[in-house]
2 protein chains.
Amino acid sequence: MGMDTAVSSTGARARTRRAILDAGTAVLAQNPTASLADVAAAAGVGRTTVHRYFAERSDLVDAIGMDVLDKIGAATDRARPDDGPALTALERICQEYFELGESLAIIFDESMAATWNWESWEEDTEADRALARLVDRGREEGTLDGRLDTDWIVQVLWSLLYVAWQRNRGGDTKHNALSLCLYTLRKSVGAPS
Amino acid sequence: MGMDTAVSSTGARARTRRAILDAGTAVLAQNPTASLADVAAAAGVGRTTVHRYFAERSDLVDAIGMDVLDKIGAATDRARPDDGPALTALERICQEYFELGESLAIIFDESMAATWNWESWEEDTEADRALARLVDRGREEGTLDGRLDTDWIVQVLWSLLYVAWQRNRGGDTKHNALSLCLYTLRKSVGAPS
DNA sequence: CGAAAATGGAACAGCGATGTTCTACTGCCG
DNA sequence: CGGCAGTAGAACATCGCTGTTCCATTTTCG
């Protein structure tokens, strides 16, 4: 009835859409000002096909944003933020987020957020709330540093992830980068000893 | 003799140049793809005047880059990186860098570095070397965490500065943001207790 | 004051990205 | 086999930014 905007009939549409979305994420993560022709080339489709799926550039950017938010949501769920000691749960979240790879750059990049028309962008996701809840819990438990407020801890987590991912790009091992990230996270936001 | 590219005759040229450079830093820090018209408006000069000082966009971007590097160099000197315990010196550096404000975003932003033609950009500045020297010293002294390599510590410093500056923008007190930054820096890169 | 320096603004051409339309090709499924 | 969904690619108009030129005006300074 025209309501099937999410799932398409043949499945070919869905596959192409995913290819464009993934290519778009990869390309725009490296260069937020890349042209749609670049995205099309990376996705292995024609430039007009991109426009067939996303009328305007902003539509593509918004869709990528939503897609990344979905991935973050799924990653957050996998990390079981409400299980066990808060610091341990935070480490699990860190590991899961680290696996998101290129998507991290999308979230972190400001020049992307600048061109974001999207309505429900400023408002918190369920994942945001879960993370905030987790940090709050940790501060009350005493496993996280009470001298640091919740926002700060969340920001530090993201920035450490970003730095670790850059290091990964720079040729270092994934395992190595993640280890440094987790170790530093524990030290910086964990309760002082 | 045409060699006076640095200092100009009247001093009016120097003032205008500074205005454009400062405005350019502020504007491009917030939006790396801002037009030269935006920069001109922010500087309070005509668009053609900008082109009179910087023939191409890349010339302006390069000049801003050099300017920021100069500021970082001066800030590093003020922090006396070779005096006293390494951790204390690193805190002084953190304070000085924090004062650089908008310029931090310029350094941190990748989409800026992408459009950077500039020759001597990859190679280390004297400030970079001084900072690396300081961190090395700290790791040998035992005041910095030997389990973290020098590069990582430097990266963490920059990312904490970036997060703190964002927080400052977000309405928080400078003092508050800097305190959090320094406290977190000590905890994260200081020697484990 | 008066000349030189510096500026603002209009006007223009060029360029690359965007978004649209149309045509022809491919592969899939009934 | 024949129709149909999906696609590529060419062609086109448009738009905003860039870089340049020219001229009138203002500022600076001797």
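Just so you know, these numbers use all the heavy atoms, side chains as well, and skip hydrogens, waters and symmetry mates. In what follows, every chain begins at residue 1, and chains take the letters A, B, ... in the order their sequences are listed. Remember, predicted model here, so these are calculated numbers, not experimental data.
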Over how many whole Å does the gap from [X] atom [atom1] to [N] atom [atom2] extend?
X       : N      : atom1 : atom2 : answer
B/Arg13 : C/dT7  : CZ    : C1'   : 11 Å
A/Arg57 : C/dG16 : CZ    : P     : 17 Å
B/Leu36 : D/dT18 : CG    : P     : 4 Å
B/Leu60 : D/dT18 : CG    : P     : 10 Å
B/Asn31 : D/dC17 : CG    : C1'   : 13 Å
B/His51 : C/dA11 : NE2   : C1'   : 15 Å
A/Arg15 : D/dA5  : CZ    : P     : 16 Å
A/Glu56 : D/dT14 : CD    : C1'   : 14 Å

Please classify the nucleic acid contact of B/Phe54 as base, sugar-phosphate, or nothing, using heavy-atom distances under 4.0 Å.
nothing
Salt-bridge present ([X], [Y]; N to O < 4.0 Å):
X        : Y        : result
A/Asp151 : B/Arg167 : no
B/Arg169 : B/Glu102 : yes
A/Arg139 : A/Asp149 : no
B/Lys187 : A/Asp145 : yes
B/Arg129 : B/Asp124 : no
A/Lys71  : A/Glu99  : no

Ranking A/Ala55 and B/Thr48 by the position along DNA chain C of their nearest nucleotide, the one closer to 5' is B/Thr48
Given that A/Arg52 and A/Ala37 both sit by DNA chain C, which one's nearest nucleotide is further toward the 5' end?
A/Ala37
According to a strict under-4.0 Å criterion, is A/Tyr53 in side-chain N/O contact with OP1 or OP2 of D/dG6?
no
Between A/Thr16 and D/dT7, is there a contact of a side-chain N or O with OP1 or OP2 at under 4.0 Å?
yes
Between B/Arg80 and B/Glu96, does the salt bridge (charged side-chain N to carboxylate O under 4.0 Å, His left out) criterion hold? Intermediate values first, please.
CA-CA 10 Å; B/Arg80 305 185 319 278; B/Glu96 290 289 346; over 6 Å; no
Suppose we call a contact any N or O donor and acceptor under 3.5 Å apart; does that hold for the side chain of B/Thr49 and the base of C/dG8?
no
Pairs: protein N or O with nucleotides 12-14 of chain C N or O, under 3.5 Å:
none

